[in-house]
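A short worksheet on the structure shown next.
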Amino acid sequence: MKFFKGLLITNIIILILIVPGFILLDKYLARDNKPSNPDIVTPSDSEKGNIVDLNKDDIPDAADPIEKPDEEKVIIPNELLPASQNIKWEIITDNNATDIQNNITFPEPDEYNSIEGVTTFRGNNYRNSSSYGNVEVNENKLEKIWSVKIGYIDLWTGVGWNGQPAIVKWNDELRRKMNIFEDKKNKSGLKEVIYGTLDGKIYFLDLDDGKNTRNPINIGFPIKGSVSVDPRGLPLLYSGQGIEKNGSVTGKIGFRIFSLIDQKMLYFINGIDKSAYRAWGAFDSTPLIDKNNDTLYECGENGILYSVKLNSNFDVNEGHISINPEVTKYRYKSPSIKKLGIENSVAIYKNFAYFVDNSGYMQCVDLNSFTPVWVRNVSDDTDSTIGIEELGNSKVSLYTACEVDHQGNGGYSYVRKINALTGQLIWENKYQCTFSETNGGALASPVIGKNDISDLVIYNIAKAWNKNGGKLIAFDKETGQEKWVINFNNYCWSSPVDIYTKNGKSYIIQCDSGGYMYLIEGQTGQILDKIPLEGNVEGSPAVYDDMIVVGTRGQKIWGIKVK
């Protein structure tokens, strides 16, 4: 009997010790709820890498100020705090990754590039310019100078959205180290056009005549986004991939880094990332480079914001470039976010990164801690890249516009100006759009006016006034009031580009789905010229001085001169 009493007492003590442990474990598991949406996958513990959960103690309350870049205080409204949106986020590092950097500060946009030209989608970290240099306009005309025939893969023809080329002028010493064709290698002042296309190739062309400067890089699968050249002048090329199919062949899909000395691939990020909540691996987004910290920032359609410490090493005398990347990932989820994935390109002000996901949630992420500062619902999927404007005295604004996707036919494209530091709305306008086999609303990125249109921000809204038409609208930056509007018969996914004379007179280049390119006076919206390009233009132009380069779904890349 004494034995059974002792056994009973022992069991009671064990239960007293175990039950609280199960309660705590249940609470922990309940906090990390599995997402219910079929588009979201839950990585297994063995696939998560080194994870830091930052949701516990560091979310500021509404009354707690955070530091602005100039050390003044701002308060994030309670409804825009990550906790109010039920955002859960984590930092995942590779086994060889270093600690998170805490000295990130991107430069002013005119200091982003150390080389001449257009190196990335919309030009710089503010994403506010796809043109370099100035234009001399005497005739108000556009003239076709050259065209290059390109190919297709399956139904993916020519150049698609958002397809902007890079155009760079290499210095003589570096150009001679590259595998450029001999006649072009010896050409002083060569300006090289680099264009990723839907036929799976990256083309290298002479801006002056459209002739090949070297053989294309062939990845074998469609490239939907835009290539980027390292803004420091290092011979590095960055390219995302849009599709993993080529006929019956399914290949890897992800993000690639190439040497521009010999065009060899140096690194590949697999978009089907085991630590991602979404099992889709495309990269339509284009990266930005922090030149002070040798770090790349890129968004994926798998819902991850990547930080890649490149550890680049370039010996110009030997003509050798190498990298040894260390990858850190910011991932997040929320019951409100039904579809993860980021197709717009990250924009960065100092240490603050901005993007919008496929569910229409805009985030401001502090790159010094890799944590969200504020989160705002902007109504729908947003492929248009955010534009940043800084006016001094801590006046930093974001311009953003959503498409009509989840809303369905008859939904609204919202054009908004937002306080970049607090996430608060400054003004908004909305435009009802149609939706069918192609999306309506804003797929193009904005012109943030300068010089004689410094008071204007310009957007095009697809399918906004009839089923296949679109609007190009100039808004007053302060009030959001329409200053001029053009109703096009064909909608535009291609982003408008602002160009300027030396005296600051502005012109807008706009391409449409009907295959036309327009030259428009910036101040008035008057159409000055219009030329056919023989195919739907989904891609966006880049401009170097008076030369425009853009590709079409009609399987051509065009070189156009402004006269």
Task: Backbone of Arg232 reached by a side-chain donor or acceptor of Ser114 within 3.5 Å - done: no
Task: Least distance between heavy atoms, Trp170 atom then Ile194 atom - done: CZ2-CD1, 4.5 Å
Open item on the list: Quick check: closest heavy atoms across Leu288 and Phe106, and the distance to 0.1 Å?
Closed with: CB-CE2, 4.1 Å
Task: Sequence-distant partners of Glu389, salt bridge (charged side-chain N to carboxylate O under 4.0 Å, His left out), two or more places apart - done: Lys477
Open item on the list: Nearest 0.5 angstrom please: Ile115 CD1 to Leu234 CG, how far?
Closed with: 9.0 Å
Open item on the list: Applying the salt bridge (charged side-chain N to carboxylate O under 4.0 Å, His left out) criterion to Asp273, which one of Lys252, Lys329, Arg278 satisfies it?
Closed with: Lys329
Task: Interatomic spacing from NZ in Lys417 to CG in Leu425 - rounded to 0.5 Å - done: 11.0 Å
Open item on the list: Under the criterion side chain to side chain donor-acceptor pair (under 3.5 Å), I'd like the reasoning laid out for Thr213 against Glu192: C-alpha separation, chi angles, the key distance, then a yes or no.
Closed with: CA-CA 7 Å; Thr213 55; Glu192 192 170 38; 2.6 Å; yes
TODO: Considering only NZ, NE, NH1 and NH2 on the basic side and carboxylate oxygens on the acidic side, decide whether Asp381 and Lys339 come within less than 4.0 Å.
DONE: no
- [ ] Would you indicate whether the side-chain heavy atoms of Arg127 and Thr286 approach each other to under 4.5 Å?
- [x] yes
Open item on the list: Tell me if a side-chain donor or acceptor on Asn368 pairs with a main-chain N or O of Asn103 at a distance below 3.5 Å.
Closed with: yes
- [ ] Go through the steps to decide whether Leu236 and Ile321 satisfy the test side chain to side chain contact (heavy atoms under 4.5 Å, CB included), and finish with yes or no.
- [x] CA-CA 8 Å; Leu236 292 171; Ile321 182 80; 3.7 Å; yes
Open item on the list: What I want to find out is whether Asp154 reaches Lys245 closely enough, with some N-O distance under 4.0 Å, to be called a salt bridge.
Closed with: no
Open item on the list: Is it the case that the side chain of Lys177 and the backbone of Asn317 share a donor-acceptor pair, with hydrogens and angles ignored and the cut-off at 3.5 Å?
Closed with: yes
Open item on the list: Taking Leu237's backbone N and O only, do any of them form a donor-acceptor pair with Asp230's side chain (distance below 3.5 Å, no angle check)?
Closed with: no
Task: Side chain proximity check, Leu174 to Phe314, heavy atoms < 4.5 angstrom - done: yes
TODO: Answer with yes or no after comparing the ring centroid distance for Phe283 and Phe255 against a 6.0 Å cut-off, counting only values under it.
DONE: yes
TODO: Please answer whether the main-chain N or O of Cys402 pairs with a side-chain N or O of Ser413 as donor and acceptor at a distance below 3.5 Å.
DONE: yes
TODO: Measure the shortest side-chain to side-chain distance between Asp262 and Met178 over non-hydrogen atoms and say whether it is less than 4.5 angstrom.
DONE: no
- [ ] Quickly, which of Ser345, Ser228, Ser130 forms a side-chain hydrogen bond (donor to acceptor under 3.5 Å, both in side chains) with Thr120? Name it, please.
- [x] Ser228
Task: From CD1 (Ile217) to CD1 (Ile202), nearest 0.5 Å - done: 4.5 Å
- [ ] Please tell me if the side chains of Phe258 and Leu266 come closer than 4.5 Å, counting only heavy atoms from C-beta onward.
- [x] no
Open item on the list: Do Tyr544 and Glu116 pair up side chain to side chain, a donor and an acceptor below 3.5 Å, judged on atom types alone?
Closed with: yes
TODO: Let me know which of Asn125, Thr105, Ile386, Ile388 forms a side chain to side chain contact (heavy atoms under 4.5 Å, CB included) with Tyr349.
DONE: Ile388
Task: Donor on one side chain, acceptor on other, Thr382 and Ser384, under 3.5 Å - done: no
Open item on the list: For Pro165, is there any backbone N or O sitting under 3.5 Å from a side-chain donor or acceptor partner on Ser226?
Closed with: no
TODO: Could you check if a side-chain atom of Pro77 sits within less than 4.5 angstrom of a side-chain atom of Gln424, using non-hydrogen atoms only?
DONE: yes
Open item on the list: Whether the side chain of Tyr459 engages the backbone of Tyr399 through a donor-acceptor N/O pair (distance < 3.5 Å, no angle test) should be reported.
Closed with: yes
TODO: Assess whether side chain to side chain contact (heavy atoms under 4.5 Å, CB included) is satisfied between Met265 and Ile257, documenting all intermediate values.
DONE: CA-CA 6 Å; Met265 188 173 75; Ile257 303 177; over 6 Å; no
- [ ] State, without any angle test, whether Asn344 and Asp383 hold a side-chain donor-acceptor pair at a distance under 3.5 Å.
- [x] no
Open item on the list: Suppose we screen for salt bridge (charged side-chain N to carboxylate O under 4.0 Å, His left out). Which residues come up paired with Asp357, at least two apart in sequence or across chains?
Closed with: none
TODO: Could you tell me whether the side chain of Ile167 reaches within less than 4.5 Å of the side chain of Tyr132, counting heavy atoms only?
DONE: no
Open item on the list: Just to verify, which of Glu428, Arg416, His406 counts as forming a side-chain hydrogen bond (donor to acceptor under 3.5 Å, both in side chains) with Ser379?
Closed with: Arg416
Task: Shortest non-hydrogen contact between Phe121 and Asn162, atoms and distance - done: CE1-O, 3.9 Å
Open item on the list: Go through it in stages, so that I can follow the logic: the residues are Val118 and Val543, the test is side chain to side chain contact (heavy atoms under 4.5 Å, CB included), and I'd like the CA-CA distance, side-chain angles, deciding distance and then a yes or no.
Closed with: CA-CA 8 Å; Val118 180; Val543 184; over 6 Å; no
Open item on the list: As an exercise, state the distance from CD1 of Ile104 to CG of Asn292, rounded to the nearest 0.5 Å.
Closed with: 8.5 Å
Task: Donor-acceptor side-chain pairing of Asn113 and Thr119 below 3.5 angstrom - done: yes
Task: Value rounded to 0.5 Å, distance of CZ in Phe221 from CG in Leu198 - done: 14.0 Å
Task: For Ser285 against Cys299, the heavy-atom pair lying closest together - done: CB-O, 3.3 Å
TODO: Using a 4.5 Å cut-off on heavy atoms from C-beta on, say whether the side chain of Thr93 contacts that of Val327.
DONE: no
- [ ] Let me see the working for Phe352 and Leu421 under side chain to side chain contact (heavy atoms under 4.5 Å, CB included), right down to the final yes or no.
- [x] CA-CA 9 Å; Phe352 293 140; Leu421 302 178; 3.8 Å; yes
Task: Minimum-distance pair of heavy atoms, taken over all atoms of Val365 and Phe355 - done: CG2-CE2, 3.9 Å
Open item on the list: So, taking the atom named CG in Asn460 and the one named CG in Leu443, what distance separates them when rounded to the nearest 0.5 Å?
Closed with: 9.0 Å
- [ ] Scan Glu90, Lys88, Gln363 and name whichever one has a side chain to side chain contact (heavy atoms under 4.5 Å, CB included) with Tyr332.
- [x] Gln363
Open item on the list: If you compare all heavy atoms of Ser445 against all heavy atoms of Thr385, which two are closest, and at what distance to 0.1 Å?
Closed with: OG-N, 3.0 Å
Task: Asn86 side chain to Ser334 backbone, donor-acceptor under 3.5 Å - done: no
TODO: For the pair Glu79 and Arg376, find out whether any cationic side-chain nitrogen is under 4.0 Å from an anionic carboxylate oxygen.
DONE: no
Open item on the list: Could you tell me if Asp366 and Thr371 have a donor-acceptor pair between their side chains, going purely by distance under 3.5 Å?
Closed with: no
Task: Glu538 side chain to Trp161 backbone, donor-acceptor under 3.5 Å - done: yes
Open item on the list: Could you tell me if the side chain of Ile418 sits less than 4.5 Å from the side chain of Ile426, heavy atoms only?
Closed with: no
Open item on the list: Taking the six-membered ring of Phe268 as reference, does the cationic atom of Arg256 (NZ for Lys, CZ for Arg) lie under 6.0 Å from its centre and within 45° of its axis?
Closed with: no
Task: N/O donor-acceptor pair under 3.5 Å between Lys264 side chain and Ile261 backbone - done: no
